[in-house]
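Following: one structure in structure tokens, then a few remarks.
Each chain gets a letter, A, B and so on, in the order the sequences are listed, and its residues count up from 1.
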There are 2 protein chains.
Amino acid sequence: MSPSKNKFDHHKGRFVEKVSTSNRVGLEEDFPEFEAFPDAPTARAPAPAAASLSVLKVNMGQQINEPQHRTGFYDTPNLVVRRGQEFLVKVTFNRPLAQSDDFQLEFLIGKGPTPTRGSLVVVTFNSRVGGPWSGRIVGSQGVTVALGITPTPNAIVGRYRTYVAVVMGTGMLRTKRNAATDLYVLFNAWCKDDDVFLPNEAERNEYVLNDHGVMYQGSYDDVNFKDWVYGQFERGVLDACIYILDAANTPIGDRGDIIKMVRMGAAMINSQDDNGVCVGNWSDNFSMGRSPTSWTGSVEILLQYAQTGVPVSFAQCWVFAGVFNTFLRALGIPARTITNFNSAHDSNGNLKTDLIFLPDGSPDTVNTRDSIWNYHCWNEVFIRRYDLPPGLGGWQAVDATPQETSDGYYRCGPASIISIKEGLIYHSYDARFVFSEVNSDIIFSKRDRYGTLTPYRVERDYIGRAIYTKSLGSDSPVNITQTYKYPIGSAEDHRTMARADEYGLERDQSELPETTLSVFINASQVNLGKDVIVQVDFLNQSNVPTTIQANLTGSVIFYTGIRASYLKNHNFTITVPANQRKSEMMKITAAEYVHLLGTQRCLHFVVSGQAEDEAVAAIKVLMLQIPTLTVTLSGVPKVQQEMFAKVTFTNPFNFALQACSLSMEGAGVMREKTRFYRVIEPQTSISWKESFNPQRAGKRCLVAVMDCSNLCELRGVARVHVTP
Amino acid sequence: MSPSKNKFDHHKGRFVEKVSTSNRVGLEEDFPEFEAFPDAPTARAPAPAAASLSVLKVNMGQQINEPQHRTGFYDTPNLVVRRGQEFLVKVTFNRPLAQSDDFQLEFLIGKGPTPTRGSLVVVTFNSRVGGPWSGRIVGSQGVTVALGITPTPNAIVGRYRTYVAVVMGTGMLRTKRNAATDLYVLFNAWCKDDDVFLPNEAERNEYVLNDHGVMYQGSYDDVNFKDWVYGQFERGVLDACIYILDAANTPIGDRGDIIKMVRMGAAMINSQDDNGVCVGNWSDNFSMGRSPTSWTGSVEILLQYAQTGVPVSFAQCWVFAGVFNTFLRALGIPARTITNFNSAHDSNGNLKTDLIFLPDGSPDTVNTRDSIWNYHCWNEVFIRRYDLPPGLGGWQAVDATPQETSDGYYRCGPASIISIKEGLIYHSYDARFVFSEVNSDIIFSKRDRYGTLTPYRVERDYIGRAIYTKSLGSDSPVNITQTYKYPIGSAEDHRTMARADEYGLERDQSELPETTLSVFINASQVNLGKDVIVQVDFLNQSNVPTTIQANLTGSVIFYTGIRASYLKNHNFTITVPANQRKSEMMKITAAEYVHLLGTQRCLHFVVSGQAEDEAVAAIKVLMLQIPTLTVTLSGVPKVQQEMFAKVTFTNPFNFALQACSLSMEGAGVMREKTRFYRVIEPQTSISWKESFNPQRAGKRCLVAVMDCSNLCELRGVARVHVTP
């Protein structure tokens, strides 16, 4: 996306003019004040006459238009409208309009705008043909005329310059360039003819207008909530999103196209390939930037990127998803973040996640290349897929986390969720990849002494265990797994899997022996700092006793499933009587694991057992429980009235917390504020009180995050209803 | 495709190991000579005993295997085989094999090879399980055993390292790394289960094995032949193609996947985005490299790229297509180059090529942003589309010319030709773009004095006028237009267009008045240096005379349709009697145009006429005719016998040719040789004789090209049948 500097020297014989890819706003005039008609090239402006029409003032009517367009929340002095819907401009002339007067409005976007690219729009108000936006005179009051202008539902999205041109004899006399009359045009989920049309008002309120959200993390049986400030209406955020389009060299003419915009966004939110917004970092060293867990929302990231032009450090999947969500909603595209628990990754383009074990039953960490993420966050957008056969519109998966190169670039989607559910994985874009993220099988294989692999167990319902998104108007999750797949084992599921196989997504076909032995790992929730007890239950459903050579290995893992530290290995032999259950316990004391955690809090256990003629295996992820920050608000919750937020925390651990950075932020409430604590000793407390003035009415949230160098992040949130 | 250097620091918590993307051949050992079994980690090599088996020699059997695999033409000392087909390896042991002996062959590719990625293959010859390649003992002669090995039809393509491992008690004893036993595995068009299977032997001979070809240029009614040396078997070319895969960071595990390989190739043959092979340059300044017209074939380009790692300057569409074709055929993929005459380009993602005229009828060069290439060359590959629904396999368009960014990268395809013909443009990849290249309408619009466009004429059969490729076993073109589209106006054509429209490829819907007036431009073929006469014929099919205000504009254009120089403009008024034809002539003398040509030889005329209530327009491209070089061969055409090639040329023009570079080359005949002439005065002759020794038997060609700074390139070719 960064063509070589001299691209257009080499392309002299190819392009009439450089394709415009910049919506940067300058103050240059687009036209001479008087432009002679091309058929009268030497004409000059007629001498001013009392009778001739001229423009005194152009009023973009923010107060009238923004409630109609639901854009009043955008913290910008310019008018923001959604396309496909009329807005009013009030033009004050030097005298009342006469029948013979001829004038037009002109909206220009990008450099070298032209009608064939939709970047120069002429709006007429009489019988003379203009287009493609329509215009009408709504009314007039003295010398002020109210003009109704309706952008087409496929208009270019971005910041336009507005001119009024009056026809004067042999040419046109125009208003001067005035940044105050610049106009933002957005996608319009309220407009039936827009490709982002979303019929339900509650959904539009959530997926376009809600500037606060929750992402879900942890594990499918122990879901954690992460509040996230999307902040798409905050000052500078919309401009930052347009800046991203410029940084991606997105041709201005492509900026009305929902497919191109969404796909470009997925590529640009990560920095790989294209110097996009966020730098991914899955190590445990974030010294060159901010830790991915330290962000409270998207605003600081977007503003920093737009200000510096340099990718922001650092992000992991939920940061990419959060920032992408802000980008999408800011531009008016219905969007949400989703979480896939047990997400298959970096797989080999098939439906197999291979876990390989050594002859002794311990994991073969050298040859196991696939990984299962505890969870992975991505986004969905609600759009019409004009580019696909009917029936595939609606929610589409898009993913800005740089995982696999989708088609060369680090990005993914839009992939129709319906096409994933139906196994129609050939549909653009990347349905194949998303399908394997939610549908892969886990293949447990033994690697024999000669280097050959033999699969001995297939787990078909571990991957894509649950897919969650925030419910409408509430913080609790809604399980949308059934939008991605049919129930495992159902006839529809078989049909879907058969289709995927047909289109080249190879599934494991190993014929495995019937088994009578099974194994499960159980571990109860435990607070970080307490001892962990893991229980392995073997169940023998045969009529003879079975002796098993087993290996139980515990690790600290990153949320990506990759081992951060090796914890403990337990080899044991167990004989399970016929038709009975028998257990083995392993205890890991706090002293054994706490010093190995770093900023992780996820333990991972895998058991592998070999009986005489069958083998079993199981996996268990255990999230250690952590305390929350207490956030309390005081004062009268009223717009522009002073309030106070207090964050308190007492270190309950027997070790000191180091290099603690505490941040708080709320959309429409408070820009991010941060305070630093070098050390928080065991059992000591901190308390931080800040004043703020809410900017906007309604349900508002304040998010607090504390990020330490030797502990996973701690979070807290407070809610308040602000009155106007 | 060039991830930041420290990618894998940031990804510590994501990947077990860096994904291998290099097939670079080193001489490091992959294993210790004795590798203890994992269940006996401290075992040591047993003391040598007379009875224990050991390997004395491994013979890859080039002489036996290469005729079977049709790979003997590759100029490399290593064995080259096609996958999915057995090859023989002869292993000589220290003694005859006994029943109890256990050994295996191992084929490794890339760094950190592993069985789950298909990059470490274990081949066994007894009941012990190996896989996935199959092995059998074909026979033995004393201590030498002939082993038959069949790579799977989806095996990774590239250069493998070969080991023989003998099981010795508690471990395995292996042969040492030996580059002489390295093995190239290619795609196999002869194998039914390979995704590149091509059933017809004559087609396989042309599209996989022919190392010489012809591309077609000029205009559809005046087709020029350009001989091109593909040279896929020349020394170093196969390695250069594998180097391209490495430079693209193509994961080793993806190199058996035809879709990924073809798509990656389309991106890598041009230098944009990814520092690929060729730098596009459509200017008229090639001082920083070689002119695109100066190449005789692909060999020098590929070798230079592999040697320097730096993109090679310069290329235009036929160079990209020629080099891409070599890359594809070298790897065993059936491929051909095709030419689309009147190719729509850089269009706005719709089916409209907009030509805009000023009120006076002259072309509006500022607002016309679309262009029509006289011709455009791309490639087709013959592959199964496992990733698409049935019925879409066969020929697929792929295009390495950097035109539009397909999905962010400069590349295009593979797009199923059937999906283009049927209007199923949603199928991956870029069917939409190729569809518009061959199917766009030309919209002639007038731009009125207020800036508004009004279409007045639509030309539906100008774009994609003819699509040519070389016929089997001959140099003449075959017209394959009907593989891309149904006859214009047929019911099937209407259905296809309706579908394309449905999937968002907007077609012009202007309702234009019935016309009774038409216009054509006629110009006979003329030699460069002679006067040009252009005749404009108006036909009035109404019953009243019509007076037309007309404008005829002539230009010198690049082959991309972009104006290189303005020639002449003729405004005239003509009255055509009822139901009659009337003509207007324009003469352009040699003196008027020759000094404006530069290295172009293509004149372009456009006429636009306005009658009282209708408007007409027409376009005509005229190629100026040029002389050829004379190439004569002498000597006995026999392999390794000395022969002579003589190139002669007499400058027929009345101006001197400057800075002339004359090259000749022939696949299997002569590596490129170049001679430089500072100036060739009018009417003077040059003659250059070179000796050469043909390397290969069969029909061979020798191509000569002369590139001058002030004239388009001149070409010549000689053919010879070389006996073995």
* Going by atom types alone, do A:D370 and A:T353 pair a side-chain donor with an acceptor below 3.5 Å? -> no
* Flag for A:N285-A:S283: side-chain donor and acceptor within less than 3.5 Å -> no
* Asked: Quick one: what part of B:P389 sits under 4.5 Å from any heavy atom of chain A, side chain, backbone, both or neither?
  -> both
Examine whether an atom of [X] lies under 4.5 Å from a heavy atom of chain B, and if so say whether it belongs to the side chain, the backbone or both; otherwise answer neither.
X: A:V122; value: side chain
X: A:V121; value: neither
X: A:Y386; value: both
X: A:R499; value: neither
X: A:I356; value: side chain
X: A:L453; value: side chain
X: A:P113; value: backbone
X: A:D387; value: both

Choice from [options] maximising heavy atom contacts with chain B below 4.5 Å:
options: A:P251, A:A165, A:G112, A:G131; result: A:G112
options: A:F558, A:Y559, A:F314; result: A:F558
options: A:T454, A:L358, A:D284, A:D257; result: A:D284
options: A:D354, A:I557, A:I425; result: A:D354

* Asked: Relative to each other, are the rings of A:F31 and A:Y163 parallel, tilted or perpendicular (30° and 60° limits)?
  -> perpendicular
* List in chain and number order the residues that pass ring pair (Phe, Tyr, Trp, His ring centres under 6.0 Å) with B:H427, two or more places apart in sequence or in another chain; answer none if no residue qualifies. => A:Y426
Do the non-hydrogen side-chain atoms of [X] and [Y] ever get within less than 4.5 Å of each other?
X: A:T452; Y: A:R447; result: no
X: B:V166; Y: B:M172; result: no
X: A:I156; Y: A:S119; result: yes

* Identify whether NZ of Lys or CZ of Arg in B:R128 sits under 6.0 Å from the centre of the six-membered ring of A:Y450 and within 45° of that ring's axis. =>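 Pair B:R128/A:Y450 counts as cation-pi.
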* Asked: Does the ring of A:Y429 carry A:R263 above it, NZ/CZ under 6.0 angstrom from centre and within 45° of its axis?
  ->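 Yes, A:R263 sits over the ring of A:Y429.
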* **Heavy-atom pairs under 4.5 Å with chain A, option from B:P115, B:G171, B:S428, B:G561 with the top count** =>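 Highest number of heavy-atom pairs under 4.5 Å: B:P115.
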